[in-house]
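Every value quoted in this text rests on a predicted model; they were computed, and no experiment measured them. Ligands are counted one by one from 1 in listed order, and the atoms in each one are counted from 1 as well.
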Amino acid sequence: MVEQTLLPEQHEQLLVKTVPQMVDAIYRLAVRGAPAIGVAAAFGVLLGIQDQGGLERSAFIEHVHGVCDELATARPTAVNLFWALNRMRARMERDEAAGADVEALIGGLFEEAHGIYDSDRATCRRMGEIGAELISDGHSLLTHCNAGALATAGMGTALAPMYVAAEQGKTIHVFADETRPLLQGARITAWELMQADINVTLITDSMAARVMQEGKVDAVFVGSDRIAANGDVCNKIGTYGVALCAKAHDIPFYVVAPLSTIDPTLADGSLIPIEERPAAEITEGFGRRTAPEGVATYSPAFDVTPARLVTGLITEVGLIETPNTELIRDALARGHQDAT
Ligand code: MRU
């Protein structure tokens, strides 16, 4: 995987060989972004079954559940992690019920992990095509955090419509919020868009309101880590503020996320577990102390944007305008139908 903590200074690969290394890579944000975390977790299961082919069937199954439990501890908010692990568990249980031996169970898990990877790539493309229809030639967009290729196995979620719009020959411009405290916008989004020759301007998070007030933003596109059944959207800390500003300036606020980011078990966003990150990330991030020693801190990594602020949710099954519980239920049913 790309070691994302080193970007943009170094573009290096990280070799992950064990389950604890994968948990660490996810926790450190070496691999990050909801869909990428899901794909990484699925491949983490494969790392965990290396050299386990000699186990008895029931011991093997117990071992796989243990591996999934360990991977599930990496980060709490992005539901794609649990979604991918549940898919791996479900595949094993299906194969077990069909009488598969250990070798066949291993084969099934390999197939499932690769299926998750492949479908993420296709899903990103599809969301890009749907979202690009909302982008006109000359548009200036704003995004928060990184929801691009590095956050998925494909071309990204929120950045996918931008990539497709650019492919279609539209000239676009993007404001990338720097995204305090870990600077995914500055380090990763700005880097990614520059690599793709898309005109990008870096701003600090607190400048978003100003550029909107100046009439410089036509639409906002962000990704998501978990969407509740009613359409409340959890995403990187600061997204809620961006959504409020967009509403105040009548700027459309689009969320681009695969159906795997929807958690139908949570009625609304208040139930989404929000990760808290270590104090050091806001007191001495990137190696320099920027706050007094011993200061009290609070560092939620995500916030929740109420569904009422979301102009549209772009998924692989289409655009859901003003999402609500019913529309989200319908989209999930359509996705289920497409998969069967
Ligand atoms: O803490 P991170 O960098 O994993 O947070 C990522 C985000 O908030 C992204 O916007 C979200 O995962 C959507 S990614 C396609």
Near ligand 1, at a heavy-atom separation below 4.0 Å: residues by chain and residue number: Leu29, Arg32, Gly33, Ala34, Pro35, Arg75, Cys145, Asn146, Ala147, Ala151, Thr157, Gln184, Gly223, Ser224, Asp225, Asn235, Lys236, Phe302
Would you say [Y] and [X] are linked by a side-chain donor-acceptor pair, where the criterion is simply a distance under 3.5 Å?
X: Asn146; Y: Arg187; value: no
X: Gln337; Y: Arg334; value: no
X: Glu192; Y: Tyr163; value: yes

Same apolar cluster (I L V M F W Y, side chains within < 4.5 Å links), Leu319/Met155: yes
Aromatic Phe302 / basic Arg277 pairing, under 6.0 angstrom, 45° off normal: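 Cation-pi check for Arg277 and Phe302: fails.
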Summary of ring-ring contact (aromatic ring centres under 6.0 Å, His included) pairs that have at least one residue in residues 61-100, sequence neighbours excluded: none
